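Following: one structure in structure tokens, then a few remarks.
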Amino acid sequence: MNTKRIATYILAIMCTIGMHAQDKYARIANSLEIYNAVMRELSINYVDTIDYEQINQVGINYMLQKLDPYTTFFAESEEDALKMMTTGTYGGIGAIISRQGANILIAEPYEGMPAQRHDIRAGDIIVEVDGKSTKGLQTGDVSQMLRGPQGTEVELRLQRPGEKKTFRKKIIREVIQINPVEYYGMLTDTIGYIALRDFTDKAYNEVRDAVIDLTKNHNMRKLIIDLRSNGGGLVSEAVNIAGLFVPRHTHIVSTKGLQPQSHQEYVTSNEPLLPDLPLMVLINSASASASEILAGALQDLDRAIVVGERSYGKGLVQSLRPLPHNTYLKVTTAKYYIPSGRCVQAIDYAKRNSDGSIQRIPDSLTHEFTTRNGRKVRDGGGIMPDSTLKRRDDCNIVYELYVRNLFFDYATNYARTHKSIAAPERFALTDAEYDDFINYVKAQNFTYELQSAQMLDEVRQVVQAEGYATDADTLLAQLATTLKPDIDRDLRRFRQSIEELLGSEIVKRYYFQKGTVAYELRFDQWLHQAIDLFNDDRRCADILK
């Protein structure tokens, strides 16, 4: 091909690209013109008063729903939510609230925060906020009323369960910091443990401080990092945490998107604290985004054993873009790729079924990659653990007790009559106290239905339709008797599972978040399996080969 033909070919390509760009911007201009015309007609001719900010936000949100769930619009009034997402801080009283029936109540005050210091307790019903009744309001409405700038005052009228009179509390709002490291400590004489709940801007500092404390003061020789149900956060924090354990300038993750500025490579910038410390990372199906970057990078580098179950599969990167009038757009701008070159994104939001639904990328369409040591890993489906842990199946009665708030309500009553309890590492209900819980449940007229009993009804109908009802009648009757719910029987049969959740709720009343984690670690079957594996040096070495 001569020079003239090459130049003509290049010119044709550039013209085609230019035409596509012109067409794109022309279509955008047409859409904006139509939108402005609709708003103008509404303002002139619509019969009733219109809240233009509200319909504008509804329109934007509906438009973004057609994309991925992570591209979201933040109105000026949602500044607190935006700050909470990036820094883990907000101005408020420091308490989780929830709805129970017609009431909005305190579900969990944070230790050391204004609500707890003012003796506001779990179970207290919020009757009014600054003189406004909470009746008929949703949890989000009341949460917004409780939040506000640091140093401002909010007055609550509350009612404590078991008491007829209400009481008032005037509280000065403070900056509420939710600690990324929920808990850390020693699981055995040599194995340390860090539970990391998110990757806000203080995650690296808190993990580093925990590592230093466990190493210097508690003789830690191995470390488990728990990323279960950690939905992610700032990529830079995940990179910095990885840098505690891998050599300086190690490639951790890269991002690639449409715009050149979205192409970035993240490498560790500091000398590692513990480059040779044996590591294990615990993940589950709710571990996402930055959690998958940290777990996946350490897996690709053969630096840690990853255990648990397949992670969520979010390989998309969001950037925060400022918009007019103090609004923001959190927009997906790139995909991230961990050291082996794989992307863990499990859903292709650009390709949907005819009904608009989405699917995970099937395993048959994923691709194989290799870790630093040559181990095989795959893309497109989250992080697959090196060792899969077995999830315990909870019985139906435990679920029903939980969703009907019977654990929560009993713990509230328990705390009214018990000034103190044993430390979380030792607390257990006595037989008499568990009997009291059984009587409490029965007094609430608690009933439930077994799923197996429902399935038995379906089997009975099929057997009858096929003409075998007479032959199977006796057997089905015996099964029906066995599967009939028996409150006393099942509350005692499944005491261990029930007491784990009930005890956790009680401990929360006295020792708050950290105490609850310390209590729950005693019964964490996944963690016990992980410890057993970590103690087997030969198995761990074989996994990483």
Side-chain angles (χ1 to χ4, degrees), residues 81 92-110 113-116 118-147 154-169 171 176 394-418 429 433-434 436-451 454 485 487-488 490-491 494 497-510 512-513 516:
I93 67 170
I96 298 173
I97 63 173
S98 65
R99 187 181 185 88
Q100 192 176 121
N103 297 320
I104 303 293
L105 47 78
I106 301 291
E108 188 176 349
Y110 289 119
M113 298 300 176
Q116 187 262 325
H118 283 76
D119 193 33
I120 294 177
R121 306 174 190 175
D124 287 349
I125 299 168
I126 304 174
V127 180
E128 292 179 356
V129 179
D130 285 332
K132 182 177 179 180
S133 172
T134 62
K135 188 175 182 180
L137 297 182
Q138 299 299 315
T139 306
D141 300 326
V142 178
S143 179
Q144 193 66 32
M145 295 162 65
L146 293 173
R147 294 186 180 188
V154 61
E155 182 177 25
L156 307 184
R157 186 158 75 92
L158 304 145
Q159 184 172 26
R160 185 152 292 164
E163 300 178 9
K164 293 183 179 180
K165 290 185 177 181
T166 61
F167 59 97
R168 296 181 183 273
K169 294 283 186 178
I171 303 175
I176 307 302
D394 283 325
C395 48
N396 198 43
I397 190 173
V398 176
Y399 172 79
E400 294 294 339
L401 290 167
Y402 177 80
V403 298
R404 298 188 198 187
N405 296 304
L406 292 177
F407 293 137
F408 183 91
D409 292 342
Y410 183 81
T412 300
N413 292 335
Y414 184 96
R416 289 173 53 222
T417 56
H418 297 73
L429 289 171
E433 288 172 334
Y434 192 75
D436 183 60
F437 173 70
I438 291 175
N439 292 332
Y440 172 79
V441 170
K442 291 163 67 175
Q444 308 307 307
N445 297 317
F446 171 74
T447 59
Y448 70 103
E449 189 173 358
L450 297 175
Q451 292 179 349
Q454 296 175 6
I487 302 294
D488 274 302
D490 291 345
L491 286 173
F494 302 110
S497 297
I498 291 170
E499 194 169 339
E500 287 175 20
L501 289 177
L502 178 59
S504 176
E505 196 63 56
I506 291 173
V507 166
K508 190 182 297 180
R509 298 298 193 277
Y510 299 88
F512 304 98
Q513 290 74 32
T516 304

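Bear in mind the structure is a predicted one, so any value in this text is a computation, not a measurement.
For the pair Y110 and I96, the minimum side-chain heavy-atom distance is below 4.5 Å. Between E155 and E128 the shortest side-chain heavy-atom distance does not fall below 4.5 Å.
Partner of D409 under the side-chain contact (heavy atoms from CB on, under 4.5 Å) criterion, out of Q100, R404, Q444: Q100 alone. Under the side-chain contact (heavy atoms from CB on, under 4.5 Å) test applied with I126, the options I97, N103, L105 reduce to a single match, I97. Residue L401 is tested with N396, L502, I498 for a side-chain contact (heavy atoms from CB on, under 4.5 Å); the sole match is I498.
One finds the CE atom of M113 at 13.0 Å from the CD1 atom of I171 (value rounded to the nearest 0.5 Å). Here the CD1-CG distance, from I106 to L146, works out to 7.0 Å after rounding to the nearest 0.5 Å. With values rounded to the nearest 0.5 angstrom, I176 atom CD1 is found 9.5 Å from R147 atom CZ.
Comment: K169 does not engage D119 in a salt bridge, judged by the lack of any side-chain N to carboxylate O separation of less than 4.0 angstrom.
Using modelled atom types, no side-chain atom of R416 and backbone atom of H418 make a donor-acceptor pair closer than 3.5 Å. Of the possible donor and acceptor atoms, one in the side chain of E499 sits under 3.5 Å from a partner among the backbone N and O of L429. A distance-only check finds a donor-acceptor pair linking the side chain of Q159 to the backbone of E163 [under 3.5 Å].
Heavy atoms only, all atoms of each residue included: G94 and A115 are closest at O-CB, 3.9 Å.
Side-chain contact of T166 with R157: a donor-acceptor pair under 3.5 Å is present, judged by distance alone. Remark: the R121 side chain and the T412 side chain contain no N/O donor-acceptor pair separated by less than 3.5 Å. Side chains of D436 and Y414: a donor-acceptor N/O pair is absent below 3.5 angstrom, by distance only.
Atom OH of Y434 sits in a crowded spot, with more than 12 heavy atoms from other residues, nucleotides or ligands closer than 6.0 Å.
The aromatic rings of F437 and Y410 sit perpendicular, their planes meeting at an angle over 60°, well past the 30° parallel limit.
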